[in-house]
Peer 1: 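Handing you a structure now.
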2 protein chains.
Amino acid sequence: MTKQRAAILKVMAENDGHFTAEEIFTKTKAVYPGIVRATIYNNLNALAQENQIRRICQSGQPDRFDRNPIPHEHIICTQCGEVVDVWIKDFKHKLQKELHLDVDDYELVIHCKCEKCKESIA
Amino acid sequence: MTKQRAAILKVMAENDGHFTAEEIFTKTKAVYPGIVRATIYNNLNALAQENQIRRICQSGQPDRFDRNPIPHEHIICTQCGEVVDVWIKDFKHKLQKELHLDVDDYELVIHCKCEKCKESIA
DNA sequence: CAAATTATTTAGAATGATTATAATAAATTT
DNA sequence: AAATTTATTATAATCATTCTAAATAATTTG
């Protein structure tokens, strides 16, 4: 646990959401000015591999990182583009039952209008 | 429908699987030597937008394109890395019921050992 | 605790997928 | 067939991410 990694984790813990490496870089640089992009990427990769954070990928966009390591699902709003958490109860278990497979991990991204956008039009 | 697009679609129809733009470029170039990468990308983007093909994204890897436009699910093998189709009956409908949402589209990628790899160890 | 080893960070260049631009060619409309 | 739109080509550019080598920091060992 280096100072840099601690700073990255603190930034992610304080700001709720789904960050790009660039956003984490900017925010971490504010508290740790010497830090460099490669360090951000190294740490994010390591943290994702250790399942301390989760990676979300969208084609045409930089990866995002979710500070919440517990498997869950995501909505990407078709209107505002934001990534929103959703939780489907026992999803992994349901998948295993349905497919008769030993699921190691999964990613489910749903494209629909998010709650905020639905309300804002009403 | 240009000659180039027809060639791309033919290549995708003849070879079953999940291709990268580069693979499609190489295979299409064999039958249509003048073709250029930008044309491949333009057409794949257009086809994906029209839902004639589907795009699969994996972080750290180039996008893949699935010639099968009907929504379905994917396994990425934790051993060989191949992308394999799976079909979960009424998945979209189940999602909508579970989440009380109007799902426009979704992507489900499952990480586990594929059938081929499971057998090959036995 | 000092020395040695190992892992991490930095700085900067490199890579690789994808897109942008401008010019040409093809397709479609009038 | 001329005019307009759309797609393709050639090439350069972009952007996210990784690589390399050197420097620094952290950890382990004597």
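Just so it is clear, the structure is predicted and the values come from calculations on it, not from any experiment. Just so it is clear: chains get the letters A, B, ... in the order the sequence lines come, proteins before strands, and each one is counted from 1.
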Peer 1: Go through the side-chain N and O atoms of Glu107(A) and His74(A) and say whether any donor and acceptor fall under 3.5 Å apart.
Peer 2: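 Per modelled atom types, Glu107(A) and His74(A) side chains form no pair under 3.5 Å.
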
Peer 1: Please pick, from dA26(D), dT18(C), dA11(C), the nucleotide with the shortest atom-to-atom distance to any side-chain atom of Lys3(A).
Peer 2: dA26(D)

Peer 1: Nearest-Å distance, CZ (Arg37(B)) to C1' (dA13(D))?
Peer 2: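 It is 15 Å, rounded to the nearest whole Å.
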
Peer 1: Please list, by residue number, the residues of residues 40-56 of chain B whose heavy atoms come closer than 4.0 Å to an atom of DNA chain C; answer none if no residue qualifies.
Peer 2: Tyr41(B), Asn45(B)

Peer 1: Between Ile35(A) and Gln61(B), which is nearer to the 5' end of DNA chain C once each is assigned its nearest nucleotide?
Peer 2: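 Closer to the 5' end of DNA chain C: Ile35(A).
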
Peer 1: Using a strict threshold of under 4.0 Å (side-chain N to carboxylate O), is an ion pair present between Glu98(A) and Lys89(B)?
Peer 2: no

Peer 1: The test is side-chain contact (heavy atoms from CB on, under 4.5 Å); show your working for Ile88(A) and Leu99(B) and say whether it passes.
Peer 2: CA-CA 8 Å; Ile88(A) 298 178; Leu99(B) 297 170; 3.9 Å; yes

Peer 1: Is a salt bridge present between Asp104(A) and Lys92(A), judged by a nitrogen-to-oxygen distance below 4.0 Å?
Peer 2: no

Peer 1: Return the value, rounded to whole Å, for the distance between atom CZ of Arg5(A) and atom C1' of dA26(D).
Peer 2: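 Nearest whole value for this atom pair: 13 Å.
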
Peer 1: Side chains of Asn15(A) and Arg67(A): is there a donor and an acceptor less than 3.5 Å apart?
Peer 2: no

Peer 1: Which sits closer to the 5' end of DNA chain D, Thr39(B) or Gly60(B), going by the nucleotide each is nearest to?
Peer 2: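 That would be Thr39(B).
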
Peer 1: For the ring pair Tyr106(A) and Phe91(A), is the centre-to-centre distance below 6.0 Å?
Peer 2: yes

Peer 1: Between Thr2(A) and dA26(D), is there a side-chain N or O to OP1/OP2 distance below 4.0 Å?
Peer 2: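 Looking at the OP1 and OP2 atoms of dA26(D), neither is under 4.0 Å from any side-chain N or O of Thr2(A).
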
Peer 1: Less than 4.0 Å between a side-chain N and a carboxylate O, is that true for Lys94(A) and Glu73(A)?
Peer 2: no

Peer 1: Considering only NZ, NE, NH1 and NH2 on the basic side and carboxylate oxygens on the acidic side, decide whether Glu23(A) and Lys27(A) come within less than 4.0 Å.
Peer 2: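 Result for this pair is no, no salt bridge flagged.
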
Peer 1: Residues of residues 7-33 of chain B with any non-hydrogen atom less than 4.0 angstrom from an atom of DNA chain D: list those, numerically ordered, please.
Peer 2: Tyr32(B)

Peer 1: Check this for me, if you would: do Lys116(B) and Glu82(B) make a salt bridge, where the nitrogen-to-carboxylate-oxygen distance has to be below 4.0 angstrom?
Peer 2: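 Yes, this pair counts.
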
Peer 1: For a quick check of understanding: with a heavy-atom distance under 4.0 Å over all strands, which category does Gly34(A) fall into, base, sugar-phosphate or nothing?
Peer 2: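 Sugar-phosphate contact only.
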
Peer 1: Tell me whether the side-chain N/O atoms of Gln4(A) come closer than 4.0 Å to OP1 or OP2 in dA25(D).
Peer 2: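 Answer is no, no contact under 4.0 Å.
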
